[in-house]
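Hydrogens, waters and symmetry mates are skipped; everything else that's a heavy atom, side chains included, is used. Both ligands and their constituent atoms are indexed starting at 1 by order of listing.
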Amino acid sequence: MRELLELTEEQLEVQRMARDFALGELAPHSAAWDRDAYFEPAVVGKLGELGFLGMLLPEEHGGLGMDTVTYLLALEAISAVDASVAVLMSVHNSLPTQLLLHNGNDDQRSRYLGPMARGEMLGAFALSEPDAGSDAAALRTQAVRDGDDWLLTGTKAWVTNGNTADVIVAMARTDSPGDRKGARGIGAFIVTPDMPGFSVSKKEDKMGLRASPTVQLMFDELRVPGANLLGDPSQGFVYAMQGLDNGRLGIGAQAIGIAGAALDHAVAYAAERKQFGRPIRDLQAIQFKLATMAVRVQQARMLLYAAARAKDRGERITQFSSMAKLACSETAMFVTTEAIQVFGGYGYVRDYPVERLFRDAKVTEIYEGTSEIQRIVIARELYGPDARADR
Ligand code: CAA
């Protein structure tokens, strides 16, 4: 992989650090955290100490100022061991910190980014609502001015870290009910859980990523100071989409971390498991599976890091990041399914990690845009950003 991706010594070093951290600090607990749907708060501080919560932030804001390739390598390595921790890291690094960095003013950046980079404040992102998932611009949470403040009322859904976050970037309508402006009538607000009117209404009981809390948030005339509006009050949807261009690379890295781990487990198991008098790796049926899994992992990984390099060159990556997320998440689902088949009955029980990898893989085809949404984004971009196929 080193040769294929042409990684630098520094990138390999960060990858090693992430692997060591994951194997030393997460691996002994991951199965139990998953079984108990337990979120371990100490993990946030440890990620912060390593600099993993400010990898993409410039040093002046307390971050490591690393490139996207290095960030994704760390994320992939952590995901191979614990995809619940990986999503915490991905959401925090890709969405709230990036929205603050690119759309916040000096005061907002200095209030939040340093503590977020150090792991003293965890970030979350609240775009979806119970009736606005794929059609994100249909969100209904309403923001109205009240003197210098804004009052936000509505329900945000599927918020990763929503009950453990210290800073949540939340999207709400700033247009008025009598004059709706669609995607151009949405603002982005910096919400903190101590604001009056904030509550956590429901924690989801999920199939996978069980150690990563996903919650609904209720805003009941949530009082947000005017100073917490991010940028232009009509541009919140665009900021969210720009954030998701980054976020989808993070989910791609999470997915390929899961897929790579499932492949490694299947390869090891096929060498030790004997049937018909020999290791099953000598059976062509198993060899064909392992070979196809290996090709799929390598293909998707190359696409992911090519997209990351395009981002590091400053290119627009809307289509590329959707391609990478689509390829990596479908690969994760394919490879984890095949890994279970290689394990047979042992893959279907919790004695081996492939069962958890399979459950964790599924959501990568759903969140931060379903595979169907990625295909829509990719298809639209075939005609260029200004000449969409369906306009
Ligand atoms: N970058 C910059 N601007 C963008 C953009 C991007 N990537 N994508 C869209 N825009 C702009 C458009 O240019 C357009 O601007 P104009 O009004 O000037 O034309 C505006 O935003 C509206 O865009 P569209 O007309 O394309 O909007 P749409 O309503 O057709 O929706 C969509 C597009 C791609 C379907 C979008 O709604 C989408 O991505 N849906 C999926 C939402 C999603 O991924 N949600 C995940 C939530 S986070 C999560 O999963 C939980 C978690 O914590 C992990």
Between [X] and ligand 1, which part of the residue brings a heavy atom under 4.0 Å of the ligand: side chain, backbone, both or neither?
| X | answer |
| --- | --- |
| Arg248 | side chain |
| Val377 | side chain |
| Leu244 | side chain |
| Ser134 | backbone |
| Asp245 | side chain |

Only heavy atoms of [X], strictly under 4.0 Å: list the atoms of ligand 1 that pass.
| X | answer |
| --- | --- |
| Trp158 | 51 (C), 52 (C), 53 (O) |
| Thr318 | 7 (N) |
| Ala183 | 22 (C) |
| Arg184 | 15 (O), 16 (P), 17 (O), 18 (O) |
| Ser128 | 47 (C) |

Taking distance alone, with no angle check, do Gly369 and ligand 1 share an N/O pair under 3.5 Å?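 N/O-N/O distance under 3.5 Å: yes.
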Is there any N or O on Glu368 that sits under 3.5 Å from an N or O of ligand 1?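 In this structure, Glu368 places an N or O atom under 3.5 Å from an N or O of ligand 1.
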If the threshold is 4.0 Å, N to carboxylate O, is there a salt bridge linking [X] and [Y]?
| X | Y | value |
| --- | --- | --- |
| Arg350 | Glu355 | yes |
| Asp20 | Arg16 | no |
| Glu6 | Arg309 | no |
| Glu221 | Arg223 | no |
| Arg375 | Glu330 | yes |

So, Thr70 and Asp67: side-chain donor and acceptor under 3.5 Å apart, yes or no?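 Yes, side-chain donor-acceptor contact under 3.5 Å.
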Going by distance alone, is a donor N or O of one side chain under 3.5 Å from an acceptor N or O of the other, for Lys181 and Ser234?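 The answer is no; no qualifying pair exists.
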Let me know which of Asp36, Asp205, Asp82 forms a salt bridge (charged side-chain N to carboxylate O under 4.0 Å, His left out) with Arg210.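 Single salt bridge (charged side-chain N to carboxylate O under 4.0 Å, His left out) partner of Arg210 among Asp36, Asp205, Asp82: Asp205.
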Is the shortest distance from a heavy atom of [X] to ligand 1 less than 4.0 Å?
| X | answer |
| --- | --- |
| Arg316 | no |
| Val238 | yes |
| Gly133 | yes |

Partner residues of Arg313 under the salt bridge (charged side-chain N to carboxylate O under 4.0 Å, His left out) criterion, sequence neighbours left out: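 For Arg313 the salt bridge (charged side-chain N to carboxylate O under 4.0 Å, His left out) partners, ignoring immediate neighbours, are Glu315.
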Can you figure out which of Arg380, Glu381, Met241 has its heavy atom closest to atom 8 (N) of ligand 1?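 The option holding the nearest heavy atom is Met241.
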Can you check which of Tyr239, Tyr367, Phe237 brings a heavy atom nearest to atom 27 (O) of ligand 1?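 The option holding the nearest heavy atom is Phe237.
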List, one per line, each side-chain donor-acceptor pair under 3.5 Å for residues 39-53, sequence neighbours excluded.
from, atom 1, to, atom 2, distance (Å)
Glu40, OE1, Tyr38, OH, 3.0
Glu40, OE2, Ala42, N, 3.0
Lys46, NZ, Glu25, OE1, 2.8

List the steps, then state whether ring-ring contact (aromatic ring centres under 6.0 Å, His included) holds for Tyr367 with Trp158. CA-CA 9 Å; Tyr367 64 11; Trp158 312 113; over 10 Å; no
